[in-house]
2 protein chains.
Amino acid sequence: MKSKKVARVRIEDVAAQAGVAISSVSRVLSGHKSVSETMKIRVEKAVNNLGYRPDHLAQSLRRGTTHTIGFMIRDIMNPFFSTIAQSCEAELRKSHYSMILINSSGTEDTEKLNFAILKSRRVDGVIASLVSETSDSVKEDLELFGAPTVLLDRKLPGVTSSAVLSDHALGVKKAVAHLLSQGHTRIAFISGPKDMYVTKNRLEGFRSAYKDADEKIYPELIRLKDFTEKYAKEETLKLFKLPKPPTAILTGGIGASGGTLHALKEIGKVPEKDVTIVALDEWPLFDLLNPPISSVYRNPELIGRYAAELILELIRGEAPRTILIPTTFHNVAETKARTNSNKGKKSY
Amino acid sequence: MKSKKVARVRIEDVAAQAGVAISSVSRVLSGHKSVSETMKIRVEKAVNNLGYRPDHLAQSLRRGTTHTIGFMIRDIMNPFFSTIAQSCEAELRKSHYSMILINSSGTEDTEKLNFAILKSRRVDGVIASLVSETSDSVKEDLELFGAPTVLLDRKLPGVTSSAVLSDHALGVKKAVAHLLSQGHTRIAFISGPKDMYVTKNRLEGFRSAYKDADEKIYPELIRLKDFTEKYAKEETLKLFKLPKPPTAILTGGIGASGGTLHALKEIGKVPEKDVTIVALDEWPLFDLLNPPISSVYRNPELIGRYAAELILELIRGEAPRTILIPTTFHNVAETKARTNSNKGKKSY
DNA sequence: TTGTAAGCGTTATCAG
DNA sequence: CTGATAACGCTTACAA
């Protein structure tokens with residue numbers, strides 16, 4: 001069952017109907033200055049009459065620009081990332097850009113392939129949440145891409161991309177300072193690889209709080225290797241087999257907090273009662289957990305919006321720059337108050 | 001700071017390097033049968049040499065097909081939908097299709113606009129999770145789109161689209177039957193508009209279970225108007241102001257369960273203890289809620305995969321068809337057993 | 001101000 | 001089997 005071949009209306013048809021040259025139609029539609037008022041109305045009439053919409057493909061080929069942004073992401077099932085994607089698309093469409101969503105499944109090989117795909121599709125820019133910060137191969141892909149790039153939460157020295165970074169240190173420091181002030185000194189920290197910006201930055205906040213409090217960190221409580229739920233769960237279990245388990249745990253980013261919470265459930269430890277938890281990044285329905293847990297929060301909608309802004313800037317030829325998003329410590333006690341008020345409008 | 005203009009390699013360059021005609025290069029690359037072995041290796045050598053990749057844009061314009069699918073969705077921030085999007089993209093890329101993600105913010109006007117955008121971008125097909133099932137305007141958009149369409153969880157009579165539907169009735173019936181067997185008769189049902197397939201189908205399961213148990217439904221406990229969290233919250237609050245509040249609540253789909261749970265929290269009712277809750281569709285970390293709650297589950301990854309399959313079928317010229325996805329009742333008691341076993345691999 | 005015509009980078013038809 | 005060449009639908013010098 002072939003789909004009906006609805007004959008497309010071409011610019012030629014409009015020109016014929018309006019009785020003018022093709023180029024005149026083009027000029028009217030692209031808002032060229034040198035067009036008479038009569039020409040304008042004649043063409044516009046024909047356009048409306050026929051319901052003409054320019055073929056984006058032909059325009060792109062001719063203009064050399066596609067009005068399309070590639071959005072490359074590791075894990076869109078993650079609400080945090082998908083919110084970024086959503087707000088980014090919303091922002092891009094205001095400027096009549098479309099977004100090609102392309103998943104990297106969190107592997108470098110796929111990322112490499114994705115760059116090739118997006119290149120052959122001639123996207124005007126790429127916004128990417130990459131796996132690695134250290135791979136030279138990725139750096140090369142970025143450098144040779146030929147179109148502007150915006151990085152999410154990654155710092156690649158020597159690469160001329162714009163970036164949206166989060167000031168993780170800020171929120172983490174506050175969180176840890178709070179924990180220390182409550183008498184916690186054995187604070188565990190479970191998160192991703194320590195050679196990444198995110199982790200280094202978080203660790204900075206962690207250390208800084210300890211330093212200010214004039215306390216010393218327990219290195220055996222620091223577990224920085226992987227962002228997965230699996231890793232966080234395993235490490236949490238291990239931590240509780242130590243002679244002296246932690247009295248508080250900083251757990252994250254995004255996949256990890258679930259891992260820690262599942263581990264606690266498994267061994268019957270109750271958050272807040274048996275051990276204080278601070279999750280890095282929030283999840284939907286977090287406020288329904290009982291007992292609720294504290295978190296270090298950053299606004300994904302903001303990140304998406306800024307990413308869109310940055311890529312559009314670069315496309316306009318402006319210089320690359322980095323935007324730093326603040327993070328805030330959502331303390332349980334205060335959160336309780338917030339919860340009952342105005343979560344109503346959020347879709348989760 | 002202009003981005004470096006990396007001169008693209010064109011088919012012309014390859015032809016020159018190989019010392020053959022442009023058309024020969026094209027033939028080799030598109031696997032045309034009438035090419036000599038010598039020609040093939042000569043061209044391939046030049047291709048590798050120059051790192052040539054065909055311009056997708058030019059190909060599309062010439063071939064009249066873009067290898068691109070439009071994915072139109074109401075709310076990608078919702079983990080349920082974003083998982084569908086993810087698995088759909090993963091499936092599409094296996095067949096070398098890309099996906100344009102386009103948000104409809106849940107309004108018909110935006111949907112209309114989106115159809116126009118996707119049309120001018122000449123996508124080879126559209127997968128859409130639409131707001132309305134009743135609007136003639138949308139039907140028209142679908143009919144006139146000119147490319148195949150796949151609908152998610154919507155039944156538009158008279159429209160020649162394929163569809164992925166969920167067998168909501170199945171899971172709901174089991175859930176309600178279970179509740180009735182436990183002695184609940186005052187079961188509330190909060191969900192979206194009752195003229196939609198989803199709701200009608202769920203209601204069918206609801207009624208069927210009541211009928212089988214030879215019990216009668218309390219119409220004042222049925223609240224079917226809106227999928228939002230806000231609506232579910234408000235209706236939940238109202239239900240508990242009734243002279244005889246419900247002893248169990250079916251709440252969903254996706255946004256709604258949060259609304260009900262928030263409402264309960266607000267008035268200090270504890271799920272499972274004061275009122276039994278069955279959520280329609282699951283959320284990440286649902287199993288961490290305390291007490292945990294039952295749900296009617298459907299697999300979003302499956303839905304995404306099938307959607308991709310269906311659109312590719314249509315593109316190949318096969319006849320439209322509808323796939324029905326089962327839903328299952330996840331009972332708390334059984335869920336408890338499941339929880340501790342193997343949730344480890346999920347990314348939430 | 002408007003029209004003519006040359007591309008944009010491919011594919012496909014048609015000779016040779 | 002291979003090579004010219006005309007499209008695909010539009011934009012943009014360049015002429016008029």
Side-chain angles (χ1 to χ4, degrees), chain A residues 5-44 46-47 50-68 96 119-124 146-147, chain B residues 5-44 46-47 50-68 96 119-124 146-147:
Chain A
K5 204 173 263 169
V6 183
R8 283 188 66 83
V9 205
R10 292 154 308 163
I11 196 171
E12 191 188 331
D13 305 322
V14 179
Q17 168 133 147
V20 299
I22 288 182
S23 50
S24 294
V25 178
S26 175
R27 276 192 211 97
V28 171
L29 261 48
S30 54
H32 197 284
K33 50 186 178 181
S34 303
V35 281
S36 68
E37 199 58 27
T38 25
M39 172 66 87
K40 201 175 161 193
I41 43 184
R42 267 178 85 172
V43 168
E44 275 168 355
V47 165
L50 298 167
Y52 170 72
R53 298 214 50 177
D55 184 333
H56 201 273
L57 275 178
Q59 284 185 319
S60 298
L61 183 60
R62 182 58 238 242
R63 288 181 171 151
T65 138
T66 55
H67 260 65
T68 308
H96 305 290
K119 196 169 183 174
S120 85
R121 285 194 177 252
R122 291 237 212 160
V123 294
D124 294 345
Chain B
K5 204 173 261 168
V6 183
R8 283 187 67 81
V9 231
R10 292 154 307 162
I11 195 170
E12 192 188 330
D13 305 322
V14 179
Q17 167 132 147
V20 300
I22 288 183
S23 46
S24 295
V25 179
S26 176
R27 274 193 213 98
V28 171
L29 260 48
S30 54
H32 199 285
K33 50 185 177 181
S34 304
V35 281
S36 68
E37 199 57 27
T38 25
M39 171 68 87
K40 201 176 162 193
I41 41 184
R42 267 178 85 172
V43 168
E44 276 167 355
V47 165
L50 298 167
Y52 169 72
R53 296 214 50 176
D55 185 335
H56 200 271
L57 231 45
Q59 285 185 319
S60 297
L61 182 59
R62 183 57 237 239
R63 289 182 170 150
T65 139
T66 55
H67 260 64
T68 307
H96 304 290
K119 197 169 181 172
S120 86
R121 284 194 178 251
R122 291 240 212 157
V123 293
D124 293 343

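No hydrogens, no waters, no symmetry mates; every other heavy atom, side chains included, goes into these values. Letters A, B, ... are given to chains in the order of the sequence lines, protein chains preceding strands, and every chain is numbered from 1.
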Notebook entry, point to check: Of the non-hydrogen atoms in B/Val9 and B/Gly51, which two are nearest, and what is the gap between them?
Noted result: CG2-O, 4.2 Å
Next item on the list: Check each residue of residues 56-65 of chain B for a non-hydrogen atom within less than 4.0 Å of any atom in DNA chain C, then write out the ones that pass by number, or none.
Entry: B/Ala58, B/Gln59, B/Arg62, B/Arg63
Note to self: Over all strands shown, is A/Ser23 touching base, sugar-phosphate only, or nothing at heavy-atom distances under 4.0 angstrom?
What the structure shows: base
Next item on the list: Strictly below 4.0 Å, heavy-atom distances to any atom of DNA chain C: list the hits from residues 26-41 of chain B, or just say none.
Entry: B/Ser26, B/Arg27
Note to self: At a heavy-atom distance below 4.0 Å, which nucleotide of DNA chain C is the first touched by chain A, and which is the last?
What the structure shows: C/dT1 to C/dG9
Item checked: Euclidean distance, B/Thr65 OG1 relative to B/Arg122 CZ, rounded to 0.5 Å -> 9.5 Å
Next item on the list: Kindly give the heavy-atom pair with the smallest separation between B/Arg8 and B/Arg53, and that separation in Å.
Entry: NH2-O, 3.7 Å
Notebook entry, point to check: When rounded to the nearest 0.5 angstrom, what distance separates CG in B/Leu57 from CZ in B/Arg62?
Noted result: 15.0 Å
Next item on the list: Name the residue closer to the 5' end of DNA chain D, choosing between B/Val20 and A/Ser24 according to the nucleotide with the nearest heavy atom.
Entry: B/Val20
Checklist line | With sequence neighbours excluded, residues passing side chain to side chain donor-acceptor pair (under 3.5 Å) with A/Gln17 | finding: A/Asn49
Checklist line | Which residues share a side-chain contact (heavy atoms from CB on, under 4.5 Å) with A/Val20, sequence neighbours left out | finding: A/Ala18, A/Ser24, A/Val25, A/Met39, A/Arg42, A/Val43
Notebook entry, point to check: When rounded to the nearest 0.5 angstrom, what is the spacing between CG in A/Asp55 and CZ in B/Arg121?
Noted result: 11.0 Å
Item checked: From CG (A/Leu61) to OG1 (A/Thr66), nearest 0.5 Å -> 11.5 Å
Note to self: Reading DNA chain D from 5' to 3', where do the contacts with chain A start and stop? Cut-off is 4.0 Å to heavy atoms.
What the structure shows: D/dG9 to D/dA13
Notebook entry, point to check: Do you know which two heavy atoms are closest between A/Pro54 and A/Gln59, and how far apart they sit?
Noted result: CB-NE2, 3.4 Å
Margin query: Looking at every heavy atom in both B/Ser34 and B/Arg27, which two are closest together, and how far apart are they?
Written below: O-CD, 4.4 Å
Notebook entry, point to check: What's the spacing between A/His96 NE2 and A/His56 NE2 if we round to 0.5 Å?
Noted result: 10.5 Å
